[in-house]
Undergrad: 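Please read through the structure below; I'll follow up with questions.
Every chain is numbered from 1, with letters handed out A, B, ... down the list of sequences.
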Amino acid sequence: MPEGHTIHRLAQDYAAAFAGAPARVTSPQGKCSDTAALLDGTVLHTADAHGKHLFLGFRDPGHTDWIHIHLGLFGKVTFGPAPAPPPTDTVRLRLANGTTYVDLRGPTTCALITDAEKAAIHARLGPDPLRADADPAAAYRRVSRSRTTIAALLMDQKVIAGVGNVYRAEVLFRHGIDPYRAGRDITPAEWDAVWADLVALMREGVRNNRIDTVRPEHAPEAMGRPPRVDDHGGEVYVYRRATRPCHICGGEIRTAGLAARNLFWCPGCQRT
DNA sequence: TCCTTATGTACAA
DNA sequence: TGTACCTAAGGAC
């Protein structure tokens, strides 16, 4: 399930498995049949990611046909070895070659777009901590001029691309920042630290294909607690830990709705 | 078997 | 602010 690290990892994995040789492209579910028919038998030459948007580039550099994929909340991608099993009726898009197949289910978006349309998507997204071209100062310009809470700003893909509900909660905890503080009250030093932390955390997320945010000194073993992995597969401080004790201060983790999502934080540790 | 929930976003009112 | 959209897993019965 997708925050930016998932999408960047998928770009790597699609390219590793399919770049350079023709692939069978099908849409068993039918909702992507036109795209599949057009690209079937063509060659994937590159894959790109910006925030939570994935782009698969077919045909020639210069006039690429891109498949634009956004997983939304429910989308999933599964890779497996050839031969591909018969697809279930929810498979929106399948790529297959002699060694690997990959199935896409439940995406919000799976559409064929041009270079110009792809450029327009990049233009409306904020800097992505996982991209080499990212400019954290551009994000800070928006944050520092906004009365909106930092919790909402971190989820705004126009401000910063790729952060989702888990990284938002965890990075604010790691920096002791109250999620309800206004963006304009975040200092340059705080933003620099948050950005650098996101770069490191999300890179590790790409490597491990999961979100881990707990520092080594707070790991269960180091704290004398039993080993544990949180429900969603990673080690975290506050995400989905409402009413349970904070690993650091022992106080109760709180949750509240903010912009239609569940926010999690520790009032004891996040005082400023 | 039904109900809830989920790492997301867009659009209507 | 609310609702629609897409899927699957887990828990309550």
Undergrad: Can you find a side chain N or O atom of A/Gln157 that sits less than 4.0 Å from OP1 or OP2 on B/dT9?
TA: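 A/Gln157 to B/dT9 OP1/OP2: side-chain N or O found under 4.0 Å.
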
Undergrad: Examine B/dG8: is either OP1 or OP2 under 4.0 Å from a nitrogen or oxygen in the side chain of A/Arg261? Give yes or no.
TA: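 For B/dG8, OP1 or OP2 has a side-chain N or O of A/Arg261 closer than 4.0 Å.
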
Undergrad: If the threshold is 4.0 Å, N to carboxylate O, is there a salt bridge linking A/Arg271 and A/Asp178?
TA: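 No salt bridge links A/Arg271 with A/Asp178.
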
Undergrad: For nucleotides 10-13 of chain B, give me every protein contact, N/O to N/O, under 3.5 Å, one pair per line with atom names.
TA:
none

Undergrad: Taking atom P of C/dC6 as reference, at what distance in whole Å does atom CG of A/Leu93 sit?
TA: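 Atom-to-atom, A/Leu93 to C/dC6, this comes out as 17 Å.
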
Undergrad: Could you tell me how far apart A/Lys158 (NZ) and B/dT9 (P) are, to the nearest whole angstrom?
TA: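 For the pair A/Lys158 NZ and B/dT9 P, the rounded distance is 10 Å.
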
Undergrad: When the distance from CD1 of A/Ile7 to P of B/dG8 is rounded to whole Å, what number comes out?
TA: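 Spelled out: CD1 on A/Ile7 to P on B/dG8 is 10 Å.
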
Undergrad: Roughly how many Å is it from CZ in A/Arg168 to C1' in B/dA6, rounded to a whole number?
TA: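 My rounded result for the distance is 14 Å.
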
Undergrad: Could you state the CG-P distance from A/Asp128 to B/dG8, rounded to the nearest angstrom?
TA: 14 Å

Undergrad: Applying the side-chain contact (heavy atoms from CB on, under 4.5 Å) criterion to A/Leu39, which one of A/Asp65, A/Leu56, A/Leu93 satisfies it?
TA: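 The single option meeting the side-chain contact (heavy atoms from CB on, under 4.5 Å) with A/Leu39 is A/Asp65.
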
Undergrad: Going by the side-chain hydrogen bond (donor to acceptor under 3.5 Å, both in side chains) test, which pairs reach into residues 145-162 of chain A, not counting sequence neighbours?
TA: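 Qualifying pairs, neighbours excluded: A/Ser146-A/Thr148, A/Asp156-A/Lys158.
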
Undergrad: Who pairs with A/Asp48 by salt bridge (Lys or Arg N to Asp or Glu O under 4.0 Å), at least two apart in sequence or on another chain?
TA: A/Lys118, A/Arg131

Undergrad: Are OP1 or OP2 of B/dT7 and a side-chain N or O of A/Tyr239 less than 4.0 angstrom apart?
TA: yes

Undergrad: Is the shortest side-chain N/O distance from A/Asn165 to OP1 or OP2 of B/dG8 below 4.0 Å?
TA: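 Negative; the distance criterion is not met.
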
Undergrad: Atom NZ of A/Lys52 to atom P of B/dA6: distance rounded to whole Å?
TA: 15 Å

Undergrad: Does B/dT9 have OP1 or OP2 sitting under 4.0 Å from an N or O in the side chain of A/His70?
TA: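 So the side-chain polar atoms of A/His70 do come within 4.0 Å of the phosphate oxygens OP1 or OP2 of B/dT9, strictly under.
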
Undergrad: A/Leu130, A/Tyr167: one ILVMFWY side-chain cluster at the under-4.5 Å cut-off?
TA: yes

Undergrad: Between B/dT9 atom P and A/Leu154 atom CG, what is the distance in whole Å?
TA: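 Result: 13 Å.
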
Undergrad: Between the protein and nucleotides 7-10 of chain C, are there any N/O to N/O pairs under 3.5 Å, and if so, what are the atom names and distances?
TA:
{"unit_1": "C/dT7", "atom_1": "OP1", "unit_2": "A/Gln29", "atom_2": "NE2", "d": "2.7"}
{"unit_1": "C/dA8", "atom_1": "OP1", "unit_2": "A/Thr90", "atom_2": "OG1", "d": "3.4"}

Undergrad: Are A/Leu71 and A/Met155 in one and the same hydrophobic cluster, where Ile, Leu, Val, Met, Phe, Trp and Tyr link if side-chain heavy atoms are under 4.5 Å apart?
TA: no

Undergrad: Which residue pairs pass the ring pair (Phe, Tyr, Trp, His ring centres under 6.0 Å) test when at least one of the two sits in residues 94-137 of chain A, sequence neighbours left out?
TA: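 Of all non-adjacent pairs touching residues 94-137 of chain A, those that pass ring pair (Phe, Tyr, Trp, His ring centres under 6.0 Å) are A/His50-A/His122, A/Phe55-A/His122.
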
Undergrad: Taking side-chain hydrogen bond (donor to acceptor under 3.5 Å, both in side chains) as the definition, give me every residue that meets it alongside A/Asn97, ordered by chain and number, with sequence neighbours left out.
TA: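 A/Asn97 satisfies side-chain hydrogen bond (donor to acceptor under 3.5 Å, both in side chains) with A/Thr99 only.
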
Undergrad: Go through B/dA6, B/dT9, B/dG8 for me and flag the one nearest to the A/Glu3 side chain.
TA: B/dG8

